There are 2 protein chains.
Amino acid sequence: MRVTIAEVARRARVSKTTVSRVLNNKADVDAATAVRVREVIAATGYIPSAGAVGLARGVTRTVGMLVPGLTPPWLGELLQGAADVVESKGYGLLLSTAHRGAAALDEFSRRVSAKAFDGLLLVEPPDALRHLRVLHDSGLPVVLVGDRVRHPAFPSVGADNRQGGAAAARHLLGTGRTRLATVTGPRAAGCTADRLNGFNDAVRAAGLTLDPRLIIEGEWTSESGEAAIRQLLASGPAFDAVFAHDDLTAAGVLAALHATGRSVPGDVAVVGFDDIPLAAHTQPPLTTIRRPLRDMGAAAAQQLLARLGGAAPPEGPTILPTSLVVRGSTTVHDGH
Amino acid sequence: MRVTIAEVARRARVSKTTVSRVLNNKADVDAATAVRVREVIAATGYIPSAGAVGLARGVTRTVGMLVPGLTPPWLGELLQGAADVVESKGYGLLLSTAHRGAAALDEFSRRVSAKAFDGLLLVEPPDALRHLRVLHDSGLPVVLVGDRVRHPAFPSVGADNRQGGAAAARHLLGTGRTRLATVTGPRAAGCTADRLNGFNDAVRAAGLTLDPRLIIEGEWTSESGEAAIRQLLASGPAFDAVFAHDDLTAAGVLAALHATGRSVPGDVAVVGFDDIPLAAHTQPPLTTIRRPLRDMGAAAAQQLLARLGGAAPPEGPTILPTSLVVRGSTTVHDGH
DNA sequence: CTGAAAGCGCTTACAG
DNA sequence: CTGAAAGCGCTTACAG
């Protein structure tokens with residue numbers, strides 16, 4: 001039999017009101033009374049029912065997190081960052097997946113409507129338009145996380161993709177490369193243009209120009225990286241470096257280069273983006289632009305909790321800096 | 001203003017009881033009445049408050065999931081498998097991390113006590129003894145998932161590690177290797193002995209014996225794999241194959257072999273365990289024993305939901321078969 | 001077939 | 001400093 005506040009009150013010979021007061025550290029409770037109540041609480045191991053407290057207070061102390069799926073390699077760090085702050089503030093994290101498509105999203109919408117959580121972290125939300133508007137109208141506090149999708153109506157946290165693209169170009173140029181190829185993300189992704197523009201900026205700043213025939217659209221997969229390189233090798237202009245817009249694509253680039261007998265970084269240098277776990281274990285290890293994924297998750301969670309605490313939403317998007325991680329795919333002196 | 005059951009009842013000119021009845025598809029509601037109520041529900045977009053329903057029914061329709069952290073590379077698939085079944089049954093998934101140590105576990109224990117969920121999925125639970133016993137006594141339905149920790153008091157889902165170890169040995173022997181080295185997991189992990197025993201079984205069945213000097217204890221990291229190989233190369237007997245007890249360790253093995261000028265699979269063949277995303281992208285790609293992680297997550301979730309539905313817990317642990325995935329680290333004919 | 005009432009386990013004015 | 005009562009939004013015997 002679960003012990004309830006009524007039971008505690010009875011044993012401490014006070015009213016439920018008083019128990020509630022000491023539970024919530026309200027002032028105006030006689031010291032001796034408070035001690036007695038606390039003793040009973042300790043003795044019985046009483047913990048208030050989350051559901052009952054939630055109903056009475058109109059609040060769940062839970063935040064929802066909608067992710068596109070649980071298998072993207074960059075997701076773990078982001079989730080961990082968010083989980084750490086959410087948990088440390090005593091909130092629960094209710095995880096939902098858009099993985100099963102429309103059915104999953106409908107399920108999810110029901111939970112939103114059922115007030116199953118106080119606020120929402122949206123990671124690269126799919127099918128943005130439709131659901132996002134509904135969310136906004138629902139008044140539920142929402143924070144977007146990620147670089148693919150942005151929406152003016154919501155606060156968001158992402159990485160500095162333009163700066164990252166520029167860093168990639170500068171590093172490549174710095175190692176003496178001049179004919180730079182790029183395998184981008186899908187055009188539809190918000191970060192693709194940023195990474196490309198940053199890259200282009202740095203190239204022009206060095207007095208060079210990008211050959212448009214060396215820019216291939218990828219789709220965040222190693223297969224697309226492989227295909228891009230094979231295509232370039234078969235019928236494109238020569239190149240001595242490749243900037244892939246993510247590490248998975250870069251892994252495909254590496255594989256295609258290896259399969260066709262090119263040496264890395266001897267013949268071609270390769271830079272990726274993200275710094276997922278895999279990046280350190282390719283052969284050679286991958287130089288990459290690191291997205292601060294854990295910090296992104298943490299920042300988003302912090303913003304959301306601040307809003308739940310009554311803070312005003314930040315004006316613009318929050319952009320965290322990326323950093324260059326140099327490994328063997330661009331230089332032989334990587335200290336590995 | 002959120003619409004409540006009272007509001008629906010008023011508009012449909014019935015009692016809350018009747019609305020509740022049609023909500024829960026009880027029989028004995030006049031067809032016309034039901035239609036009218038449903039119309040109001042549709043028109044208002046009414047969704048019952050999860051918290052209120054939970055309090056009234058004594059049930060949350062949420063399952064908790066405690067993971068050691070969110071960054072292990074094998075976790076994504078497992079989580080996805082669990083999330084798919086949990087979500088498809090209309091349950092929520094409340095994720096907790098043991099990542100921040102004792103403080104996180106205490107937070108977590110509070111949620112257990114607060115009845116924040118109906119059942120619990122425990123992934124490789126840390127600090128098993130103490131918390132597990134408390135959980136068991138609490139009467140909360142629990143299912144364990146993973147291969148490192150097992151506990152007789154709980155139903156569990158894992159992979160067939162012994163069979164996996166045997167498959168690794170048979171494959172290696174089949175490619176003509178005879179001097180087999182092993183980098184195991186930590187001795188404390190339950191699966192380490194199983195993988196080693198299975199490996200040993202198959203070796204003996206082939207009329208050979210394992211050289212104990214070629215068995216090194218690792219710790220599930222690429223660093224430990226690298227160190228093991230360097231040690232073997234420096235002062236151990238010769239070997240022409242390595243079975244690493246997980247893919248991360250195998251990646252370290254590959255790196256050490258490469259750094260010391262050994263060719264894979266020419267000089268040494270390498271087999272890993274798990275088949276994490278990284279395995280397909282090492283150079284050469286890693287032959288490995290695949291754990292059915294997604295199926296494991298799904299099976300555990302299914303068992304848990306079945307118990308919540310009143311089913312009796314299964315007697316023994318549920319053991320899912322592993323499978324051999326052949327790639328370039330053991331054979332040049334990998335079709336890659 | 002339908003509704004009034006009690007109850008789930010808390011919190012929060014309101015009185016004293 | 002303390003308690004009785006109402007209320008959060010549902011469900012569920014119990015009566016009719």
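Just so it is clear, the model here is predicted, and its values are computed rather than measured.
Listed pair B:S15 / C:dG3 meets the phosphate criterion, a side-chain N or O lying under 4.0 Å from OP1 or OP2. The phosphate of D:dT11 (OP1 or OP2) has a side-chain N or O of B:S20 nearer than 4.0 angstrom. Dashed line: the shortest gap from a side-chain N or O of B:K26 to OP1 or OP2 of C:dC1 is not under 4.0 Å. OP1 and OP2 of D:dC8 both lie 4.0 Å or more from every side-chain N or O belonging to B:S49.
Using a 4.0 Å cut-off between charged side-chain N and carboxylate O, A:D118 and A:R61 make no salt bridge. Under a 4.0 Å N-O distance rule, the pair A:R10/A:E7 qualifies as a salt bridge.
D:dG3 atom C1' lies 16 Å from atom CZ of A:R10, rounded to whole Å. Across the protein-nucleic acid pair, A:E7 atom CD and C:dC8 atom P stand 13 Å apart, rounded to whole Å. If you measure from atom CG of B:D28 to atom P of D:dT12, you get 15 Å, rounded to the nearest angstrom. With rounding to whole Å, A:I5 atom CD1 is found 14 Å from D:dT2 atom C1'. In this structure, B:N24 atom CG and D:dG9 atom P are separated by 18 Å, rounded to whole Å. Rounded to an integer number of Å, the gap from CG of A:L55 to P of C:dT12 is 12 Å. A:Y46 has its OH atom 10 Å from the P atom of C:dG9, to the nearest Å. Rounded to an integer number of Å, the gap from A:K115 NZ to D:dG9 P is 11 Å.
Of the candidate nucleotides D:dT11, C:dT2, C:dC10, C:dT2 has the atom lying nearest to any side-chain atom of B:D30. Comparing D:dG9, C:dT11, C:dT2 against the side chain of B:V29 picks out C:dT2 as the nearest.
With a 3.5 Å ceiling on both atom-pair distances, D:dA4 lacks any Watson-Crick or G-U wobble partner. Remark: C:dA13 base-pairs with no nucleotide; criterion is Watson-Crick or G-U wobble with both hydrogen-bond distances under 3.5 Å.
Checking A:T318 against A:Q303 by side-chain atom types alone, a donor-acceptor pair falls below 3.5 Å.
In the interface, the side chain of A:R57 is not paired with the base of D:dG7 through any donor and acceptor atom under 3.5 Å apart. For B:T17 against D:dT12, a side-chain N or O and a base N or O form a donor-acceptor pair under 3.5 Å.
Two residues are said to be in side-chain contact when any heavy atoms from C-beta on lie closer than 4.5 Å; B:V143 and B:L120 fail this criterion.
Between A:D160 and A:P321 the shortest heavy-atom distance is CB-CA, 4.2 Å.
Between A:A56 and B:R21, the residue anchored closer to the 5' end of DNA chain D is A:A56, taking for each the nucleotide with the nearest heavy atom.
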